Amino acid sequence: MPTGPKHTRSYDLGHPDGSIEQVCEDCRCMIGDDHNDSDSLSAYEAEDIYMSSGMDKDDDFR
């Protein structure tokens with residue numbers, strides 16, 4: 001399995017009490033640069049975009 005150079009991956013982890021913790025860990029994916037997975041669309045945001053665009057396949061990020 002190919003791996004990329006060692007870098008940092010961070011993401012937000014939600015807790016049942018409503019608090020959010022940012023987690024950072026080592027990563028070796030093929031992106032190769034530090035990245036924050038929290039910058040991606042949530043499932044709700046992707047659904048809103050899809051529905052508001054008239055369910056256009058070009059705007060389906062789900």
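Computed from heavy atoms alone, side chains included, the values below leave out hydrogens, waters and symmetry copies. The shown structure was predicted, so the numbers you read here are calculated from the model rather than taken from an experiment.
Exactly one of T8, N36, D34 qualifies for a side-chain contact (heavy atoms from CB on, under 4.5 Å) with C24. That residue is T8.
Considering only heavy atoms from C-beta on, D33 stays 4.5 Å or farther from H7 through its side chain.
Atom CD in E25 sits 5.0 Å away from atom CZ in R9 (nearest 0.5 Å). One distance of note links CG of L13 with CD of Q22; it measures 11.0 Å at 0.5 Å rounding. Taking CG of D12 as the reference point, atom OG of S19 lies at 11.0 Å (rounded to 0.5 Å).
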